[in-house]
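Notes follow the structure.
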Amino acid sequence: MKFSTMLIASVLVSLAALSAGYGYARRGLGAPDRPMWATTIEDLKQICGLKLATAAQYEREAAAAERAQNHLQRQLYNALAHSEHIHVRNYMRALNKLGSRYVRRALAPEVGTTSGEGIARSIALERYLVDGRHEQSILYALDDKSNYAARIVAWASGSDVKHVLLLEQCALACEGRCEAPSGYAVCPVCGNTSDCEHEDCYCPFCMTPSGDYVRFLVDMSAK
């Protein structure tokens with residue numbers, strides 16, 4: 001009887017220790033030096049920094065377009081900045097699910113450019129993200145068995161492809177080589193962006209209904 005009591009007490013103590021250890025791990029106090037998703041976490045943090053810098057740059061471009069009274073470019077850049085902030089939000093959620101977080105850092109201001117230079121630089125930046133980062137990021141997430149992170153990166157990648165097309169369309173419209181769109185629509189869930197003339201009834205990436213989109217309409221009378 002005494003032996004059984006000691007055995008039960010030993011089991012209870014072991015369970016308590018395991019529970020405490022789990023609690024410490026949940027709070028990050030007993031986390032290993034290299035977590036399971038270390039590669040994906042580091043990659044998501046790097047892209048968060050790139051996305052925040054891109055959003056800030058688009059906000060500066062929108063302000064420059066407003067000063068130049070280029071209403072088409074102003075609304076496009078406003079839409080792109082909003083999309084980038086949605087990407088950042090989604091990346092931060094993915095990091096939280098992986099037990100980490102991104103600490104925002106102040107961004108250094110950049111000198112202004114002409115509208116043509118701004119579009120060319122924006123296209124180059126978006127192409128870098130599409131061609132040079134997103135594919136590898138998806139592979140990192142899949143290798144780390146983080147399907148949620150892979151989906152978030154895939155959403156951002158598809159959205160950035162659309163950004164390139166919209167920037168190229170805007171450049172042609174400013175040169176009078178194609179008709180300017182009446183505005184832009186941004187999916188509030190994944191950041192997918194389209195012009196108002198070609199938006200889908202449901203977001204092709206996350207199936208959000210178009211009625212929920214955030215719209216940036218161009219003031220046609222001010223053009």
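Below, each value reflects all heavy atoms present in this structure, side chains not excepted, and no hydrogens, waters or symmetry copies. Note that the coordinates shown come from a computational prediction; the quantities given were computed from them, not determined experimentally.
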Open item on the list: For a 4.5 angstrom cut-off between non-hydrogen side-chain atoms, does Cys203 reach Val189?
Closed with: no
Task: Note: Glu168-Arg127 ion pair, threshold 4.0 Å (strictly below) - done: yes
TODO: Mind listing the closest non-hydrogen atom pair of Leu167 and Ser122 along with its distance?
DONE: CD1-CB, 3.7 Å
- [ ] Check Ala150 against Ile138 and note the closest heavy-atom contact, atom names and distance.
- [x] O-CG1, 4.1 Å
Open item on the list: Within the structure provided, determine whether Ile119 and Cys170 are in side-chain contact (heavy-atom separation under 4.5 Å).
Closed with: yes
Task: Path from Tyr77 to Val164 over hydrophobic side-chain contacts below 4.5 Å - done: yes
Open item on the list: Please give me the minimum heavy-atom distance between Ile86 and Cys190, naming the atom from each residue.
Closed with: CG2-C, 3.8 Å
Open item on the list: For a quick check under 3.5 Å, do His85 and Glu59 share a side-chain donor-acceptor pair by atom type?
Closed with: yes
TODO: Find the distance between CD1 (Ile123) and CG (Leu166) and round it off to the nearest 0.5 Å.
DONE: 10.5 Å
Task: Minimal non-hydrogen separation, Pro188 against Tyr213, with atom names - done: CD-CA, 4.0 Å
TODO: Decide whether Ser182 and Glu197 meet the rule of one side-chain donor and one side-chain acceptor closer than 3.5 Å.
DONE: yes
Open item on the list: Check Glu61 with Arg74, please: is the shortest side-chain N to carboxylate O separation under 4.0 Å?
Closed with: no
Open item on the list: Hydrophobic clusters here meaning ILVMFWY residues chained together by side-chain heavy-atom distances under 4.5 Å, can you tell me if Val153 and Tyr128 are in one?
Closed with: no
Open item on the list: Once rounded to the nearest 0.5 Å, what's the spacing between atom NE2 of His163 and atom OG1 of Thr54?
Closed with: 10.0 Å
Task: Main-chain N/O of Ala65 paired to Gln73 side chain as donor or acceptor, under 3.5 Å - done: no
TODO: Can you measure from CG (Asp195) to CG (Leu76) and round to the nearest 0.5 angstrom?
DONE: 10.0 Å
Open item on the list: Taking atom CZ as the centre, does Arg215 end up with more than 12 heavy-atom neighbours from other residues, nucleotides or ligands that are less than 6.0 angstrom away?
Closed with: yes
- [ ] Report yes or no: do Asn90 and His87 form a side-chain donor-acceptor pair below 3.5 Å?
- [x] no
Task: Between CD on residue Gln169 and SG on residue Cys174, distance to nearest 0.5 Å - done: 10.0 Å
Task: Ile47 with Leu125, same ILVMFWY side-chain cluster at under 4.5 Å - done: no
Task: Any pair counted as side chain to side chain donor-acceptor pair (under 3.5 Å), so long as it reaches residues 134-144, sequence neighbours left out - done: Thr40-Asp144, Asp43-Ser137, His134-Asp160
Open item on the list: Please find the pair of heavy atoms, one from Leu80 and one from Tyr58, that lie closest to each other, and give the distance.
Closed with: CB-CD1, 3.5 Å
Open item on the list: Does the Lys NZ or Arg CZ of Lys45 fall within the cation-pi geometry relative to Tyr102 - under 6.0 Å from the ring centre and within 45° of the axis?
Closed with: no
Task: Within-4.5 Å side-chain heavy-atom neighbours: Asn192 and Val186 - done: no
- [ ] Could you tell me the separation between the CD1 atom of Ile152 and the CE atom of Met92, rounded to the nearest 0.5 Å?
- [x] 13.0 Å
Task: Evaluation steps, side-chain contact (heavy atoms from CB on, under 4.5 Å), between Glu84 and Glu126 - done: CA-CA 11 Å; Glu84 296 294 344; Glu126 294 285 356; 3.1 Å; yes
Task: Leu52-Leu95 co-clustered via ILVMFWY side chain contacts under 4.5 Å - done: yes
TODO: Work out which heavy atom in Trp37 is nearest to a heavy atom in Lys145; give both atom names and the distance.
DONE: NE1-O, 4.5 Å
Open item on the list: For a 4.5 angstrom cut-off between non-hydrogen side-chain atoms, does Tyr91 reach Asn96?
Closed with: no
TODO: Would you give the length of the straight line joining atom OH of Tyr184 to atom OG of Ser83, rounded to the nearest 0.5 angstrom?
DONE: 13.5 Å
TODO: Answer with yes or no whether the hydrophobic clustering places Phe205 together with Met207; edges join I, L, V, M, F, W, Y residues whose side-chain heavy atoms lie under 4.5 Å apart.
DONE: no
Task: Test item: Tyr202 and Ser210 side chains (from C-beta on) under 4.5 Å apart, heavy atoms - done: no
